[in-house]
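The next block holds one structure in the form of structure tokens; read it before the comments.
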2 protein chains.
Amino acid sequence: MKNKKRTTIYDIAKKLNIAASSVSRALNNSDQVNEATKKLIVKTAAELNYKRNTLASNLRKGQSKTIGVVVPFINQNFFSNVIAGIEEASYQKGYNLIICQSNELQSKEIKCVNTLINQHVDCIVISISADSSDHKHLQNVLDNGIQLIQFDRVADELETLKVINDNEQASLEAVSHLVEQGYKRIALLEGPQNLQIFRQRKAGYLNALKKYGMPVLNELIVENAWTKELGAKGTRKLLNLAQPPDAIFASTSDFSALGVLEVATAMGIKVPSELGICGYSNEAFTEITSPSITTIDQFSVYMGKTVANLYFQEMENKEETAVVPKIISIKPKLIVRSSTKKGG
Amino acid sequence: MKNKKRTTIYDIAKKLNIAASSVSRALNNSDQVNEATKKLIVKTAAELNYKRNTLASNLRKGQSKTIGVVVPFINQNFFSNVIAGIEEASYQKGYNLIICQSNELQSKEIKCVNTLINQHVDCIVISISADSSDHKHLQNVLDNGIQLIQFDRVADELETLKVINDNEQASLEAVSHLVEQGYKRIALLEGPQNLQIFRQRKAGYLNALKKYGMPVLNELIVENAWTKELGAKGTRKLLNLAQPPDAIFASTSDFSALGVLEVATAMGIKVPSELGICGYSNEAFTEITSPSITTIDQFSVYMGKTVANLYFQEMENKEETAVVPKIISIKPKLIVRSSTKKGG
DNA sequence: TTGTAAGCGTTATCAA
DNA sequence: TTGATAACGCTTACAA
């Protein structure tokens with residue numbers, strides 16, 4: 001089975017006694033070929049079960065019609081949604097996707113990127129891993145003439161196309177909402193500060209406090225609480241303070257917020273009356289917890305489509321003077337649910 | 001940026017005044033090349049920022065070290081987990097993944113498969129779409145000398161490698177569990193019967209009833225209830241029967257089970273005392289609903305790894321006589337939670 | 001409209 | 001151990 005030889009354009013050419021170039025032209029639907037022979041060629045190709053060898057075609061044309069995607073984990077809701085969005089838009093344009101996961105490890109991320117460069121992908125789409133420090137490998141992508149698009153978690157010092165969420169604004173709105181509901185001591189569960197997105201979310205939190213003239217209390221800010229377990233741990237610490245918070249903004253994720261909710265429930269603290277909770281990401285489960293969790297929707301599938309379309313636009317304009325915006329910011333949406341409805 | 005010419009082995013050869021073939025050999029770490037020159041070549045390659053053109057290499061070698069994956073939706077938990085598993089195992093072997101989604105449409109599935117054939121992938125891994133009827137396109141994969149592995153949703157009449165769940169056994173256990181908890185009228189929410197997995201789950205349900213000498217009541221079997229909405233709709237119908245069921249096995253998915261739970265809650269029916277609910281898939285949310293939902297874990301990441309490793313084993317044995325099992329069945333695990341704990 | 005031939009960047013074969 | 005050369009299957013000037 002493995003060694004079956006495939007039909008090539010030469011086989012078709014030989015059978016019809018014409019030149020391979022004509023076959024190629026016909027199969028590419030060129031208009032420089034007689035309609036009748038074109039039909040004949042297409043028919044024969046089908047009969048012989050011909051399949052174009054994209055490898056050869058791409059090699060010759062110097063492009064692969066392939067987009068490489070690198071994400072920390074394929075099976076995390078946000079990323080799988082973004083990928084689905086990229087796939088949808090790419091498929092329409094006849095592009096393929098090669099997907100890699102970095103497992104949040106810079107070392108693996110580098111290998112993934114190199115593989116994609118070797119594969120001659122036309123574009124690399126990446127959301128950088130949590131432990132990434134330097135970005136030589138990304139610079140390398142550019143040096144190899146490959147378009148680079150960063151999304152969500154971006155290295156801001158690198159001048160590439162970017163599609164991001166307005167994390168700061170979203171966080172500002174979330175915390176403002178908490179304030180307006182009457183919460184007075186609002187805690188923050190923050191993520192690794194080497195990632196821009198988490199710095200931005202913290203900035204939004206601080207801005208909101210400032211806006212309402214509320215003090216920043218360091219004891220209410222918990223570092224590195226971006227899993228359910230770490231969220232729960234941070235919450236236990238917070239709720240055992242002499243003056244515990246009356247609201248927690250789990251800026252890292254809904255998983256973290258879930259950790260908060262579970263600890264609060266276990267401690268007999270009522271949500272939202274005694275403790276308000278706001279998460280981030282609009283994971284499916286936030287709708288069905290008791291109470292349901294207020295969170296922020298990032299329009300992840302749309303984000304994926306935006307990434308892909310940004311690439312296609314950039315391609316179309318590549319030799320024109322038209323200026324394409326380098327950074328697209330998507331405004332996330334605050335979704336208010338029961339976990340923060342204190343004020344009614 | 002786009003037109004930057006990449007370094008080729010000829011550039012390296014020219015610079016060092018040696019033949020390209022030697023460069024190729026050195027870069028492939030062949031032992032037929034002088035250690036000293038090998039080192040020199042590798043060093044020069046790094047200096048010139050050489051990246052192998054995998055396209056050319058694959059074309060020449062007649063293999064792509066790429067596995068194509070076709071799933072209904074990338075962003076469904078089960079599939080994204082399987083993909084993550086495939087990725088992990090493939091990465092270790094130096095294989096790449098090209099991912100497509102069929103959107104449950106046979107028409108798109110066919111296009112995806114053809115694209116993958118054109119891409120000369122070495123192996124196609126597929127879980128067929130819900131509306132798939134015939135399988136010519138899959139036969140075509142085999143005819144093109146490409147290894148085909150089906151997983152989860154398989155076309156049984158096609159003799160390929162398969163990795164499946166023992167759906168029948170799992171369903172049997174689930175329904176048996178319901179019976180043993182004291183439920184007397186157990187309803188079934190079934191999925192599209194053109195998919196083998198749903199036929200198997202139904203068979204497991206019927207077997208369980210038979211095992212306990214319970215009658216099969218057609219009014220308790222609801223067709224095509226495989227989304228949350230359809231599950232909810234089916235549940236309303238069931239609970240409004242003159243003799244409503246006291247347990248519902250949502251064999252299609254946890255989403256369906258969630259629909260059941262929401263309707264029951266809305267109607268003031270107590271779970272599990274008045275109604276037992278069992279889902280399928282062990283989605284993350286089943287753990288955090290009130291009450292938590294009994295379900296069946298399919299070991300999806302493990303399934304993905306199994307798929308990839310099956311391919312690699314098959315490759316290694318391809319010219320040996322060793323017989324590799326053609327079908328690997330993974331035994332799912334019943335996870336008992338609050339929604340069915342009637343008997344205590 | 002069709003054919004000829006070169007070339008994409010590798011690797012494999014053969015010879016030196 | 002190294003070099004020259006053909007070939008993988010396709011596309012594209014250029015010529016006919």
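Since the structure is predicted, the reported quantities are computational estimates derived from the model, not experimental observations. Each chain gets a letter, A, B and so on, in the order the sequences are listed, and its residues count up from 1.
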Checklist entry - Where along residues 46-60 of chain B does a heavy atom come under 4.0 Å from DNA chain D, residue by residue in number order? => result Leu59(B), Arg60(B)
Checklist entry - So which of residues 13-25 of chain A are in contact with DNA chain D, with a heavy-atom cut-off of under 4.0 Å? => result Ser21(A), Ser24(A), Arg25(A)
For atom [atom1] of [X] and atom [atom2] of [N], their distance in whole Å:
X	N	atom1	atom2	answer
Ile12(B)	dT10(C)	CD1	C1'	12 Å
Asn118(B)	dC10(D)	CG	C1'	13 Å
His120(B)	dG9(D)	NE2	C1'	8 Å

Checklist entry - For residues 29-38 of chain B, which residues have at least one heavy atom under 4.0 Å from DNA chain C? => result none
Item to check | Parallel, tilted or perpendicular: rings of Phe78(B) and Phe151(B) (30°, 60°) | outcome: tilted
Next on the checklist: Does this structure show an ion pair linking Lys305(A) with Glu87(A), if we count only N-O contacts that are shorter than 4.0 Å?
Outcome noted: no
Next on the checklist: Taking the basic N atoms (NZ, or NE/NH1/NH2) and the acidic carboxylate oxygens, is any pair closer than 4.0 Å for Glu88(B) and Lys93(B)?
Outcome noted: no
Checklist outcome for this item: Value for NZ (Lys51(B)) from CG (Leu116(A)), rounded to nearest 0.5 Å, stands at 11.0 Å
Checklist entry - For Tyr91(A), is the NZ or CZ atom of Lys108(B) found under 6.0 angstrom from the centre of its six-membered ring and inside 45 degrees of the ring axis? => result yes
Checklist entry - Is it true that a side-chain atom of Thr306(A) and a backbone atom of Tyr302(A) form a donor plus acceptor pair closer than 3.5 Å? => result yes
Next on the checklist: Is it the case that the side chains of Asn114(A) and Arg52(B) hold a donor-acceptor pair, with the cut-off being a distance below 3.5 Å and no angle test?
Outcome noted: no
